[in-house]
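Notes follow once the structure below has been shown.
Below, each value reflects all heavy atoms present in this structure, side chains not excepted, and no hydrogens, waters or symmetry copies. None of these values were measured; they are calculated from a predicted model.
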Amino acid sequence: MNMAEFTKCSNEKVNKWLEEQIAMCQPESVVWIDGSESQLEALRAEAVSTGELIKLNEEKLPGCYYHRTTENDVARVEDRTFICTPTEEEAGPINNWMEPSQMYDKLKALYTGAMKGRTMYIIPYSMGPVGSPFSKIGIELTDSIYVVLNMNIMTRIGQEVMDVLGTDGDFVKCLHAKKDVNPEERYIVHFPQDNAIMSVNSAYGGNVLLGKKCFALRIASYLGKQEGWMAEHMLILGLENPQGEVKYIAAAFPSACGKTNLAMLIPPEYLQEKGYKVWTVGDDIAWLRINPEDGKLYAINPEAGFFGVAPGTSEKTNFNALESTKKNTIFTNVALNNDDLTVWWEGLDKNPPKNCTNWLGEKVDGTTYEGNLAHPNSRFTAPAINCPCISSEFENPQGVPISAIVFGGRRAKTAPLVYQARDWEHGVFVGATMASETTAAAAGAVGVVRRDPMAMKPFVGYNMADYFGHWLEMGKKLGDNAPAIFHVNWFRKDDEGNFMWPGFGDNMRVLLWILDRVSGKADAHDSAIGLLPTASDIDTTGLGISAEELDALLSVDKEVWKEDVENIKEYFAQFGDRLPADIKKQLEILDKNLND
Ligand code: OXD
Ligand code: MN
């Protein structure tokens with residue numbers, strides 16, 4: 001068989017790898033993505049001509065496109081996601097594992113001839129600003145134009161990346177083949193020791209935009225451990241005070257906790273009038289490094305776009321996210337308004353389109369249709385530079401200094417509105433014990449506690465116990481420069497089941513206490529679980545929350561916490577002896593405090 005021709009680059013490692021992948025996948029042709037607008041425009045036109053994309057209304061949504069994936073391919077598939085380290089222990093009890101050579105054999109059978117009759121696109125991309133000391137390079141091979149166009153929004157792609165890679169640079173090898181989109185043979189596989197990612201039989205963003213969760217979290221968390229930095233599932237925001245000083249916060253939340261809303265928060269009006277502002281650096285991932293010059297922790301957002309959940313996004317709930325989607329955006333699995341070629345999803349407004357195509361591709365009357373018009377996990381892929389509150393530091397290759405790290409979860413009764421960890425070790429414990437209660441939005445029982453350490457449960461590329469150890473190591477290196485660590489809970493409920501805190505923009509009031517703590521301007525008192533604000537330290541101007549209600553939001557019910565400790569003990573048991581001693585010690589302290 002003749003192998004498809006491809007133009008070699010000046011990096012022999014790249015050429016050798018390309019030769020092997022082309023020989024295996026057997027594409028009909030091979031195309032380098034140079035990142036030029038003319039090339040991208042030709043690909044958009046081709047995808048429109050085949051029906052892969054629909055061009056949306058150029059006046060209302062300039063540069064925007066619509067796409068649907070197949071019905072069985074609409075979300076990340078954690079049960080088909082593997083970390084293939086040489087030993088099972090290295091992957092740890094939370095990850096799926098298979099011995100690497102066994103997995104390579106299995107995948108080889110799936111990829112052999114998978115691109116017959118198709119074009120393979122070679123996408124060189126940079127996670128982080130091109131040439132930043134934080135940044136890392138990947139090359140994704142894919143047979144999907146949709147992937148090329150999404151990667152163009154989510155990462156920095158093209159020839160300039162190859163220029164930085166040079167003749168000898170290393171890169172993460174990413175191979176994606178759409179194949180038959182067969183869920184039975186779908187695999188999202190990581191080989192951390194080989195810097196390699198292989199994804200097959202999916203065309204859904206989270207499984208195929210390999211720069212995001214696969215590289216920027218799973219592979220990068222492993223690289224971070226080797227190289228002394230951190231890849232975290234965190235938003236990064238800058239909070240500007242009326243004096244014009246900006247302090248940066250990195251925050252990790254499990255899904256369905258309002259992470260995107262927090263990243264793009266709009267302050268309550270009275271704070272806006274005083275001159276407070278929020279700037280978005282990132283909405284999902286942070287890469288954090290110690291700056292050798294000042295010893296402080298700095299963060300970049302390695303991504304260039306937002307891959308956001310559409311349903312629930314509206315002018316009211318997240319104006320900035322919605323604005324970000326108004327141009328050069330790709331919409332996936334939302335509903336289409338056939339009359340004017342615009343998009344719609346549940347929660348956008350109260351006017352579903354009458355002449356509608358739903359996410360399944362069925363023509364329906366949206367005004368009377370009973371099911372979801374948009375899939376609950378339908379998405380927009382929007383350039384970050386569209387965001388009205390994008391930070392001026394978004395492209396800063398040196399990143400931004402982090403003053404505070406915030407962990408959060410959805411807890412009806414346990415966690416108070418906010419508390420501060422006593423020190424870094426305690427903060428790592430607070431992150432390691434992060435949890436959320438399931439909501440009606442997800443399948444399964446409601447109100448079940450799901451542990452999600454640092455919101456990294458689906459994204460850690462090695463043994464979670466060693467990951468806790470890496471956090472502790474970073475704290476030792478940071479010493480007095482370590483950012484303060486906090487925990488927030490916007491979802492506390494009263495005995496009648498009502499939310500006690502308004503959330504959204506009013507979360508700014510909690511962020512202000514956090515930053516006042518960092519700058520030594522606010523008091524806190526120690527409790528069984530950590531340092532709590534005095535109710536009067538949280539600004540409730542215009543909120544209509546009484547002092548008693550705020551006290552209740554900040555209260556710690558020891559009996560509920562004792563139950564949580566039992567759950568934590570069970571959870572930690574799976575890590576056996578690998579659980580770091582400092583984490584065990586923190587659990588003992590909490591246990592003792594609750595029983596004193
Ligand atoms: C995401 C996720 O899509 O965390 O960002 O699942
Ligand atoms: Mn995420």
Side-chain angles (χ1 to χ4, degrees), residues 127-128 134 154 206 212-213 216-217 220-221 230-240 246-267 277-288 297-309 312-313 317-324 379-396 399-410 418 431 434 436 452-459 483-491 503-505 507-508 510-512 514-515:
M127 297 312 292
F134 282 78
M154 294 306 296
K212 192 175 177 63
K213 303 297 189 181
L217 288 176
S221 63
M230 304 161 95
E232 299 299 330
H233 191 198
M234 290 178 173
L235 64 88
I236 310 163
L237 67 81
L239 202 154
E240 181 175 336
V246 187
K247 288 220 158 65
Y248 295 92
I249 294 175
F253 294 86
S255 36
C257 287
K259 192 169 160 197
T260 312
N261 287 343
L262 187 64
M264 300 176 191
L265 180 146
I266 296 179
K277 296 186 178 110
V278 168
W279 301 108
T280 307
V281 181
D283 73 325
D284 196 38
I285 298 177
W287 283 2
L288 302 128
L297 194 62
Y298 281 66
I300 63 158
N301 169 10
E303 301 190 278
F306 307 130
F307 184 61
V309 175
T313 308
T317 59
N318 196 336
F319 172 84
N320 289 318
L322 191 63
E323 274 303 298
S324 307
R379 299 276 175 153
F380 52 79
T381 317
I385 50 163
N386 283 0
C387 182
C389 60
I390 194 73
S391 164
S392 58
E393 302 304 295
F394 171 65
E395 296 279 357
N396 185 340
V400 294
I402 297 298
S403 297
I405 289 175
V406 176
F407 294 123
R410 179 184 279 273
V418 59
M434 253 172 76
S436 233
D452 188 354
M454 283 86 167
M456 284 289 277
K457 179 181 179 293
F459 306 120
I485 300 180
F486 297 81
H487 186 282
V488 299
N489 175 23
W490 317 133
F491 303 96
F504 296 100
N507 294 337
M508 173 90 168
V510 174
L511 300 186
L512 288 179
I514 287 175
L515 290 182

Derivation of the side-chain contact (heavy atoms from CB on, under 4.5 Å) call for Phe459 and Ile285: CA-CA 11 Å; Phe459 306 120; Ile285 298 177; over 6 Å; no
State, to 0.1 Å, how close [X] and [Y] come at their nearest heavy-atom pair, and which atoms those are.
X      : Y      : value
Phe306 : Ser324 : CE1-OG, 3.9 Å
Ala384 : Phe394 : CB-CZ, 3.6 Å
Phe134 : Tyr298 : CE2-O, 3.5 Å
Cys389 : Asn320 : SG-ND2, 3.4 Å
Ala256 : Phe491 : O-CZ, 4.3 Å
Pro267 : Lys277 : CG-CA, 4.4 Å

Taking the side chain as every heavy atom from C-beta outward, state whether [X] and [Y] have any atom pair closer than 4.5 Å.
X      : Y      : result
Pro254 : Met434 : yes
Val488 : Asn507 : no
Leu237 : Leu511 : yes
Ile402 : Ile236 : yes

Quick check: does any side chain N or O of [X] sit under 3.5 Å from a backbone N or O of [Y], one acting as donor and the other as acceptor?
X      : Y      : value
Thr313 : Leu322 : no
Asn301 : Val281 : yes
Trp287 : Ala216 : yes

Just jot down the side-chain contact (heavy atoms from CB on, under 4.5 Å) partners of [X], sequence neighbours excluded, or say none.
X      : answer
Pro458 : Arg76, Glu78, Asp452
Val309 : Pro311, Asn377, Arg379
Ala484 : Gln420, Phe486, Val518
Ala263 : Leu235, Thr280, Asp283

Mind checking what makes side-chain hydrogen bond (donor to acceptor under 3.5 Å, both in side chains) contact with [X], not counting sequence neighbours?
X      : answer
Asn261 : Asn318
His233 : Lys213, Lys259, Asp284
Glu303 : Lys212
Asn386 : none

Partners passing salt bridge (charged side-chain N to carboxylate O under 4.0 Å, His left out) against Glu395 (at least two apart in sequence or in another chain):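 Partners of Glu395 by the salt bridge (charged side-chain N to carboxylate O under 4.0 Å, His left out) criterion, ordered by chain and then number, come out as Arg156.
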Qualifying residues under salt bridge (charged side-chain N to carboxylate O under 4.0 Å, His left out), relative to Glu323, sequence neighbours excluded: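 For Glu323 the salt bridge (charged side-chain N to carboxylate O under 4.0 Å, His left out) partners, ignoring immediate neighbours, are Lys326.
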Distance check, rounded to the nearest 0.5 Å: [X] atom [atom1] versus [Y] atom [atom2]?
X      : Y      : atom1 : atom2 : result
Met234 : Ile249 : CE    : CD1   : 12.0 Å
Met127 : Leu217 : CE    : CG    : 9.0 Å
Ser221 : Met454 : OG    : CE    : 12.0 Å

From CA spacing to verdict: side-chain contact (heavy atoms from CB on, under 4.5 Å), Leu512, Leu239: CA-CA 9 Å; Leu512 288 179; Leu239 202 154; 3.8 Å; yes
Those residues that, when tested against Tyr248, pass ring-ring contact (aromatic ring centres under 6.0 Å, His included) (two or more places apart):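 ring-ring contact (aromatic ring centres under 6.0 Å, His included) list for Tyr248, sorted by chain: empty.
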